[in-house]
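Hydrogens, waters and symmetry mates are skipped; everything else that's a heavy atom, side chains included, is used. Within every chain, numbering begins at 1; the chains are lettered A, B, ... in the order of the sequence lines, protein sequences first and strands thereafter.
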Number of protein chains: 2
Amino acid sequence: MNVHSNSPRVEDILQRLRRAGHRITPQRLAILRAFADSHSHPSVDMVYAAVKPNFPTTSLATVYKTVVLLKELGEVMEIGFGEGGNRYDVRVPTPHPHLVCTRCRRILDAELDALDHLTETLAQSTGFRILSHRVDFYGICPECRRKAAH
Amino acid sequence: MNVHSNSPRVEDILQRLRRAGHRITPQRLAILRAFADSHSHPSVDMVYAAVKPNFPTTSLATVYKTVVLLKELGEVMEIGFGEGGNRYDVRVPTPHPHLVCTRCRRILDAELDALDHLTETLAQSTGFRILSHRVDFYGICPECRRKAAH
DNA sequence: TTATTTTTAGATAATGATTATTAATAACAA
DNA sequence: TTGTTATTAATAATCATTATCTAAAAATAA
């Protein structure tokens, strides 16, 4: 397996894993790559499905355990959804707004420069110390809209 | 039981239930009142705990089924949280921002007039048809901050 | 290298919130 | 008041996630 076919992000995480004293197993490498390759905030099942063909013996539990590990290291952010399980962000593992298509289930990152200022204002007017946020917009993505108009 | 001791909001929902052909049972009335009385977006368990003293035989399943019914009628909005179950809003059952205290678990409504304009801008720049949103800010409420400073 | 120790993987059981099921009960119309 | 039918209560089922436990693999020591 070519170790040098990794994205910079994967290399980055591998270094941090090593630094924290964790082992780089073939399974972890495959899971990491599946996370990094996915462009749409995958679920555990999606990652599992992507790893399975190359590592048929991989257990779902291993994927879950790797997710826990990556969360602890701050390299993956969990986005909780009631139905159908959580989704994950390895590319930008800090809170940021998302656009969620309720038809095809895709999740895209949204640019919202105004958010920081908004948070500041809200903190001042309420007395809350705001530490994090969850900002998601639900709707129909351009592709699904096009399909719907057949 | 005094039927006239209901808040306007409870009366309102009772009317809609009747109009939709649903029966007004003592359990439903008690659950509705528990929802309306709670000022902090209760969980199913909180409602169950509030109903239990007056109706010791009430089942948790009945609370869940009433929640489903009220959701279908649009009289209750579910706010999904991964850990510790969902929370509900009977007072303002349409999407709006919340302030969530991660220490005492309280949930407060937030005023954010800028949100509509923001949504509009985002819809135009991305091509999404935005239908709903989830905007929550997590942090420490003023009371918990005061307590922490002992 | 070989032995020893520790981490990790894999399989599967357990958990916990929610839902589905089903027999018994009660709301409401006639 | 009675009959029809929705609703209740109890409990089993579900499903994503977590915990457990044993075997395999890798790191470390000898």
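- Taking side-chain N and O atoms only, B:T62 has no distance below 4.0 Å to OP1 or OP2 of D:dT8.
- In this structure, A:F137 CZ and B:F128 CZ are separated by 11.5 Å, a value rounded to the nearest 0.5 Å.
- To the nearest angstrom, C1' of C:dG10 lies 10 Å from OH of A:Y48.
- Both B:T25 and B:D45 sit near DNA chain C, but only B:D45 has its closest nucleotide nearer the 5' end.
- The separation between A:R18 atom CZ and C:dT8 atom P is 14 Å, rounded to whole Å.
- Contact annotation: A:R28 does not reach the phosphate of C:dT7 (side-chain N/O to OP1 or OP2, under 4.0 Å).
- In this structure the side chain of A:I13 never reaches within 4.5 angstrom of the side chain of A:V76, judged on heavy atoms.
- Note on A:H22: every side-chain N or O is 4.0 Å or more away from OP1 and OP2 of C:dT7.
- For the pair B:V47/B:S38, no side-chain contact is recorded, criterion being any heavy-atom separation below 4.5 Å from C-beta on.
- Between A:Q27 and C:dG10 there is a side-chain N or O to OP1 or OP2 distance below 4.0 Å.
- The CG atom of B:L70 sits 8.5 Å away from the CD1 atom of B:I31 when rounded to the nearest 0.5 Å.
- Between A:Y64 and D:dT18, a side-chain N or O to OP1/OP2 separation shorter than 4.0 Å is absent.
- Within 4.0 Å (heavy atoms only), B:N86 reaches sugar-phosphate atoms of the nucleic acid but no base atom.
- Side-chain polar atoms of A:D109 and A:H96 form a donor-acceptor pair below 3.5 angstrom.
- Going from atom CG of A:L29 over to atom P of D:dA25 covers 17 Å, rounded to whole Å.
- Between the NZ atom of A:K65 and the C1' atom of C:dG10 there is a distance of 7 Å, given to the nearest Å.
- Residue-to-nucleotide contacts include a donor-acceptor pair under 3.5 Å from the side chain of B:R23 to the base of D:dT5.
- Between the CD1 atom of B:I24 and the C1' atom of C:dA26 there is a distance of 14 Å, rounded to whole Å.
- Taking only side-chain nitrogens and oxygens, A:T58 never comes nearer than 4.0 Å to OP1 or OP2 of C:dA9.
- Atom P of nucleotide D:dT17 and atom CE of A:M46 are separated by 12 Å, given to the nearest angstrom.
- DNA chain D is contacted by both B:P56 and B:G21; B:G21 maps to the nucleotide lying nearer its 5′ end (nearest heavy atom per residue).
- For A:S59 and C:dA9, the shortest distance from a side-chain N or O to OP1 or OP2 is not below 4.0 Å.
- C:dT18 atom P lies 13 Å from atom CD1 of B:I79, rounded to whole Å.
- The separation between B:L60 atom CG and C:dT18 atom P is 9 Å, rounded to whole Å.
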